[in-house]
Amino acid sequence: MTIAYHRAPAAQLDPVLLYRLLELRVAVFVVEQRAAYDDLDGRDVEPGAELLWAEEDGVVLGTARVLHDRDPEAMRIGRVATAVAGRSRGVASALMRLGVERCQEVAPRLPILLDAQEHLAGWYARFGFVVDGEQYLEDGIPHVPMRLDPAGLSAPAGLRPARSA
């Protein structure tokens, strides 16, 4: 049982796979975290947007999204979600490393932004992100904006995973 990591624009995904990725996001953010919000925000289908996911034996274990923001000009990683079966197995960390790597490939001179649930800010810091603003509430959950500048992308050894399927 090997975990395979993939990325593709939403339009190129098999509809059943896309459904499974969105289902995982709803299961984690809406059901588990009780945050009733509009996950289908239109950004998954923007030009250049890509979904990343981890899969084992046809089961989706985790997902994330990479986008190009225009204002401010930056790359963005978001919608990082891990299924219960994928937790404590390095799935989210691998997806983050892949997301950072993809942002570097697409726009190496741009910062990478994300909006972290505040209790996960330390976890995101492991990838070089720093808090870049004041705490705010989103759907009743404290969040902080975080940023990784291009200068910080010369990350410690081990940040960039070997490419998988």
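In what follows, every heavy atom counts, from backbone to side chain, and hydrogens, waters and symmetry copies are set aside.
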* Just by distance, do the side chain of Arg25 and the backbone of Leu21 share a donor-acceptor pair under 3.5 Å? -> no
* To do: Give the minimum heavy-atom separation between Gly133 and Pro145, together with the two atoms involved.
  => CA-CG, 3.6 Å
* Could you grab the distance from atom CG of Leu110 to atom CG of Leu148, nearest 0.5 Å is fine? => 11.5 Å
* Met96 with Val106, same ILVMFWY side-chain cluster at under 4.5 Å -> yes
* Tell me, with the steps shown, if Ser93 and Arg126 meet side chain to side chain donor-acceptor pair (under 3.5 Å). => CA-CA 9 Å; Ser93 293; Arg126 293 179 15 198; 3.0 Å; yes
* Asked: How about Gln117 and Gln33: does a side-chain donor come under 3.5 Å of a side-chain acceptor?
  -> yes
* Structure fact -> Taken in chain and number order and not counting sequence neighbours, the residues that satisfy side-chain hydrogen bond (donor to acceptor under 3.5 Å, both in side chains) with Tyr136 are Asp115
* Asked: Rounded to the nearest 0.5 Å, how far does CG of Leu120 lie from CD1 of Ile141?
  -> 10.0 Å
* **Single-linkage hydrophobic cluster, 4.5 Å side-chain cutoff, Leu114 and Phe127 together** => yes
* Check: Arg97 and Tyr5 side chains under 4.5 Å, non-hydrogen atoms -> no
* Asked: Is Asp39 close to Leu22 at the side-chain level, that is, under 4.5 Å between some pair of heavy atoms?
  -> yes
* **Common cluster, Ile3/Leu51, ILVMFWY with side-chain heavy-atom separation under 4.5 Å** => no
* Asked: Are Val59 and Val91 joined in one hydrophobic group, where the rule is that I, L, V, M, F, W and Y side chains link up if heavy atoms are under 4.5 Å apart?
  -> yes
* Could you pull out all residues at least two apart from Asp139 that satisfy side-chain contact (heavy atoms from CB on, under 4.5 Å)? => Ala35, Tyr37
* Working to the nearest 0.5 Å, report the span between CD of Glu73 and CZ of Arg109. => 12.5 Å
* In Å and rounded to the nearest 0.5 Å, what is the CG to CG distance from Leu18 to Asp44? -> 7.5 Å
* Side-chain touch Arg20/Trp53, heavy atoms, less than 4.5 angstrom -> no
* Taking all atoms of both residues into account, what is the closest heavy-atom pair of Val66 and Ile77, and its distance? -> CG2-CG1, 4.5 Å
* **Nearest heavy-atom neighbours spanning Leu24 and Ala81** => CD2-O, 3.9 Å
* To do: Using a strict cut-off of less than 4.0 Å between a Lys/Arg side-chain nitrogen and an Asp/Glu carboxylate oxygen, indicate whether Arg65 and Glu50 qualify as a salt bridge.
  => no
* To do: Mind checking the CZ-CG spacing from Arg102 to Leu95? Nearest 0.5 Å is all I need.
  => 14.5 Å
* Side-chain heavy-atom pair Leu137, Pro142 within 4.5 angstrom cut-off -> yes
* In terms of hydrophobic clusters joined by side-chain contacts under 4.5 Å, are Trp123 and Met146 together? -> yes
* Asked: Can you name the closest pair of heavy atoms from Ile112 and Phe129 and give their distance?
  -> O-CE2, 3.4 Å
* Structure fact -> So CZ of Arg76 and CZ of Arg147: to nearest 0.5 Å the spacing works out to 10.5 Å
* What are the two closest heavy atoms between Pro108 and Pro150, and how far apart are they? -> O-CB, 3.7 Å
* Of Arg7, His6, Arg79, the residue whose pairing with Leu52 passes side-chain contact (heavy atoms from CB on, under 4.5 Å) -> Arg7
* **Derivation and outcome, side chain to side chain contact (heavy atoms under 4.5 Å, CB included), residues Met75 and His68** => CA-CA 5 Å; Met75 295 301 292; His68 188 180; 4.0 Å; yes
* Asked: Shortest non-hydrogen contact from Thr82 to Ala92?
  -> OG1-CB, 3.4 Å
* **Listed partners of Arg43 passing salt bridge (charged side-chain N to carboxylate O under 4.0 Å, His left out), at least two apart** => Glu46, Asp69
